[in-house]
Engineer: 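Quick one: the structure is below, and I'll ask about it shortly.
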Amino acid sequence: MELIDYMEAYNMLKRRGIRAIDAKYVGSSDEAIRFSGGEPIVLKVISQKAMHKTKSGLVALGLEKPDEIKSSFSDLYRKAQKIKPYRILAQKMVKNGIEIIIGGNTDKQFGKFVLLGLGGIYVETFKDFAMRSCPINEYDARSMVEQLRSKKIIAPDGKSERLLVDLLLKVSKFFMSEESITELDLNPVILHDDTYSAVDLRLIR
Amino acid sequence: MNLERMMHPKSVAIIGASSNPDKVGHIILQNYIDVGFSGKLYPVNINAEGDILGIKSYKRINDIKNAVDLAVIAVPAATVPSVLEECGRAGVKSAVVVSGGFAEVGEIRLEEELAGVAKKYSMPVLGPNCLGIMDPRARIDTLFLPTFKLDKPSIGGVSFVSQSGAVGSTILDLISHEGFGLARFISYGNATVIDEVDILNYLADDDDTKVIIFYLEGAKRGRDFIEIAKRTTLKKPVVIIKGGKTEEGAKAAQSHTASLAGSYQTYEAIFRQFGFTIANDLDELLFFGKIFDTQPLCRGNRIAIITNGGGTGVLATDGLYENGLQVAKLSSQSNAALRKAMPPIVNIRLPMDMAGDADDKRFNAALDIISNDPGVDAIMAIALFQTPGADSRVAASLIHYGTSMKKPMVVVSPGGSYTEVHKRMMESSGVPVYDSPETAAKALKALIDYSNYIDNAKRLYGSGKEHK
């Protein structure tokens with residue numbers, strides 16, 4: 001099992017109309033400052049050896065001023081020496097919103113599944129999610145949203161439900177067309193301003 | 001795999017039949033005699049001399065000159081492959097192996113041997129380690145459970161499939177008290193040759209089967225299972241309970257998704273997606289089975305509650321909303337008609353409490369008006385037989401409306417032996433009765449969910465449109 005490089009995953013999904021938040025590998029703090037362009041950014045260490053970035057302190061959030069970016073970059077650089085090879089990813093910050101998880105998994109017997117759930121810190125606590133076998137159709141996607149206890153939070157109106165249904169259909173299509181990919185995690189996806197941004201991506205083959 | 005011959009045999013050999021009442025083969029033969037099987041019976045036992053239970057016996061299967069449609073094999077596991085081989089050579093059309101002692105106790109090679117013989121003769125084989133088949137219509141009973149220990153269900157439209165023999169016999173015993181009849185019972189054990197896909201495939205096209213209730217521990221052929229699930233639920237409801245819910249996948253989780261998507265979750269997703277009705281316990285298997293067996297599909301969630309006890313009506317309302325259903329609103333015509341028909345103490349609104357002295361006339365009037373209201377999708381009638389007004393005439397009223405109107409109806413009647421008598425009257429007439437408004441609400445919810453599913457499924461792939 002191999003985790004696909006972040007930017008490769010980012011581009012694969014982008015080509016299929018699945019948007020993740022703007023991101024770029026940065027090799028220096030200057031590069032990170034240029035990427036920020038005055039907007040708040042996130043810096044993350046990406047390494048096969050660090051699956052849970054937040055827990056290991058390999059993420060710095062809400063960096064806006066050049067000084068902040070500079071010091072966080074050197075801090076992450078120092079920590080990352082233990083988990084070589086690594087790269088440092090800069091991402092634009094997303095506004096606050098509702099966090100959901102969209103995923104894909106492969107079952108030995110039944111094949112590929114897609115999953116939708118209330119995300120962020122609530123995933124493990126509430127375990128509020130819906131799964132369907134791929135490929136899914138419109139009815140399946142809708143019934144996934146309907147099934148969630150948190151339906152009123154993540155899809156309070158027809159428009160937001162439509163957004164989720166379309167995203168689920170795209171993810172199912174992508175997952176089915178990429179035969180070698182066995183697991184997929186868009187976690188979290190943040191719903192804000194009538195749109196969504198995938199903040200973290202994980203494709204495993 | 002064609003199961004027709006196994007399900008409707010004209011001649012049955014019982015291998016391992018015995019005069020000794022302690023032997024499984026004795027009980028099976030005795031059961032066949034007791035249920036009045038009309039085909040030919042051939043007791044087979046290597047040590048047999050003369051008759052067994054008054055029927056001419058044979059030492060070996062190939063001593064029987066006539067064709068044998070089904071061999072029921074109840075001999076020690078180690079000898080099963082060679083017995084099956086003899087059956088194959090003798091041209092036996094199908095076999096049920098009730099003997100245990102195969103893969104379930106680690107004897108994997110023995111089971112593979114059995115599978116090899118079945119394959120060689122293209123013989124459908126049920127089991128091993130199973131109870132086999134019961135069919136009250138065709139008078140078939142391969143169960144090795146003594147008749148007096150198990151209440152046997154009457155003839156009906158529910159087919160019950162169970163991987164486990166123990167769950168199978170328990171549920172069969174309980175079914176006979178739930179007032180619905182059995183089409184077929186199939187216990188398939190280790191699923192070595194005939195598996196859940198073959199069985200669903202058979203039952204999907206079986207005209208005697210209106211509803212399938214299923215105890216499943218695991219499906220062997222994942223994608224085929226999905227296809228057959230899709231095909232079957234387009235034709236009839238399947239209520240399913242999965243054993244082994246809490247079993248944790250041993251796989252180390254690489255992602256959040258993988259850690260959430262455990263084995264039960266996977267099954268549950270398949271069940272939901274392809275229109276199975278999920279039962280969370282054995283009680284629900286029966287509760288859902290009986291509403292599907294007798295009631296028409298339900299295209300909406302507006303439920304009219306009428307009751308002869310106020311508090312139970314309140315609980316019923318809670319039950320509806322907890323299950324995503326709602327209390328119906330009556331039209332002004334219905335309200336006016338009810339106002340005329342009911343005494344002044346009755347408040348005309350749903351849930352409608354017709355008071356403790358409500359008799360059959362009050363029930364009749366209410367059901368007549370409400371069943372014709374276009375704003376009502378289904379009726380929950382609460383009849384508390386402890387009240388002064390309720391007697392057999394109330395049960396007769398509920399039977400009349402429950403079986404003649406086009407909308408589904410469920411009855412709630414909790415109580416002791418007086419209630420039990422009336423519950424039986426109603427259930428045997430085809431009106432499902434529940435002990436609590438909560439379970440009645442759950443059953444209605446299951447009916448409505450399946451109705452929604454089938455409407456969508458027919459639109460999506462009933463017309464030959466591919467599921468993409």
Side-chain angles (χ1 to χ4, degrees), chain A residues 1-3 48 51-52 101-117 119-120 122-124 126-144 146-147 149 151 169 171-173 175-176 182-188 200-205, chain B residues 195-197 216-230 242 249-276 278 301 322 324 445 448-450 452-462 465-468:
Chain A
M1 276 207 281
E2 172 214 357
L3 181 68
Q48 292 273 3
M51 284 296 184
H52 282 284
I101 173 172
I102 290 185
N105 189 44
T106 306
D107 180 82
K108 288 196 293 291
Q109 287 218 62
F110 294 106
K112 291 187 172 184
F113 283 80
V114 283
L115 176 148
L116 165 73
Y122 303 117
V123 179
E124 297 295 340
F126 293 118
K127 294 202 191 301
D128 183 23
F129 64 93
M131 269 168 67
R132 294 292 182 276
S133 157
C134 291
I136 59 167
N137 57 37
E138 169 104 19
Y139 174 76
D140 297 329
R142 273 190 195 286
S143 72
M144 288 174 82
E146 288 294 327
Q147 187 189 324
R149 280 173 280 144
K151 197 227 158 187
L169 290 169
V171 169
S172 161
K173 237 181 186 163
F175 197 30
M176 286 307 278
T182 55
E183 280 178 41
L184 171 163
D185 232 8
L186 311 184
N187 179 29
D200 205 354
L201 310 174
R202 235 171 233 289
L203 299 182
I204 291 163
R205 68 180 153 211
Chain B
D195 63 14
E196 42 287 318
V197 173
L216 178 76
E217 280 171 6
K220 286 170 121 188
R221 294 183 273 155
R223 295 311 293 188
D224 291 345
F225 185 80
I226 287 177
E227 287 312 312
I228 190 59
K230 208 156 88 178
K242 166 89 170 68
K251 184 181 161 200
Q254 280 282 311
S255 59
H256 273 294
T257 303
S259 75
L260 291 171
S263 144
Y264 179 68
Q265 284 68 25
T266 310
Y267 277 95
E268 197 183 21
I270 300 276
F271 296 160
R272 274 179 195 275
Q273 188 170 2
F274 300 105
F276 282 10
I278 301 170
N301 67 352
E322 273 163 12
K445 165 77 168 151
I448 292 165
D449 281 351
Y450 175 68
N452 285 335
Y453 171 82
I454 197 160
D455 286 347
N456 275 289
K458 277 188 175 148
R459 192 167 49 73
L460 287 167
Y461 28 81
K465 228 170 131 188
E466 213 7 61
H467 176 63
K468 281 227 167 79

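Reckoned from all heavy atoms, side chains included, excluding hydrogens, waters and symmetry mates. Just so it is clear: chains get the letters A, B, ... in the order the sequence lines come, proteins before strands, and each one is counted from 1.
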Engineer: Run the numbers on Tyr453(B) and Ser143(A) for side chain to side chain contact (heavy atoms under 4.5 Å, CB included), then give the verdict.
Structural biologist: CA-CA 10 Å; Tyr453(B) 171 82; Ser143(A) 72; over 6 Å; no

Engineer: Kindly compute the distance separating OH (Tyr139(A)) from CG (Asp455(B)), expressed to the nearest 0.5 Å.
Structural biologist: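 Here the interatomic distance stands at 9.0 Å.
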
Engineer: To the nearest 0.5 Å, what is the distance between CG on Asn137(A) and CG on Asn456(B)?
Structural biologist: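 Taking CG in Asn137(A) and CG in Asn456(B), the distance rounds to 8.5 Å.
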
Engineer: Report the distance from atom CD of Glu268(B) to atom CD of Gln147(A), rounding to the nearest 0.5 Å.
Structural biologist: 7.0 Å

Engineer: Look at the side chain of Gln109(A) and the backbone N and O of Ala219(B), then say whether any donor-acceptor pair between them is shorter than 3.5 Å.
Structural biologist: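 Looks like yes, one N/O pair under 3.5 Å.
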
Engineer: Just verifying a value: how many Å separate Tyr267(B) OH and Phe110(A) CZ, rounded to the nearest 0.5 Å?
Structural biologist: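 Interatomic distance, Tyr267(B) OH to Phe110(A) CZ, rounded to 0.5 Å: 4.0 Å.
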
Engineer: Should Gln273(B) and Ile136(A) count as side-chain neighbours, where that means a heavy-atom distance under 4.5 Å?
Structural biologist: yes

Engineer: With respect to chain B, which residue among Arg132(A), Lys173(A), Met176(A) yields the maximal number of heavy-atom pairs within a distance under 4.5 Å?
Structural biologist: Arg132(A)

Engineer: Would you name the heavy atoms of Ser133(A) and Arg223(B) that are closest together and state the gap between them?
Structural biologist: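 So the minimum-distance heavy-atom pair works out to OG-NH1, 3.5 Å.
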
Engineer: Do the non-hydrogen side-chain atoms of Ser263(B) and Lys108(A) ever get within less than 4.5 Å of each other?
Structural biologist: no

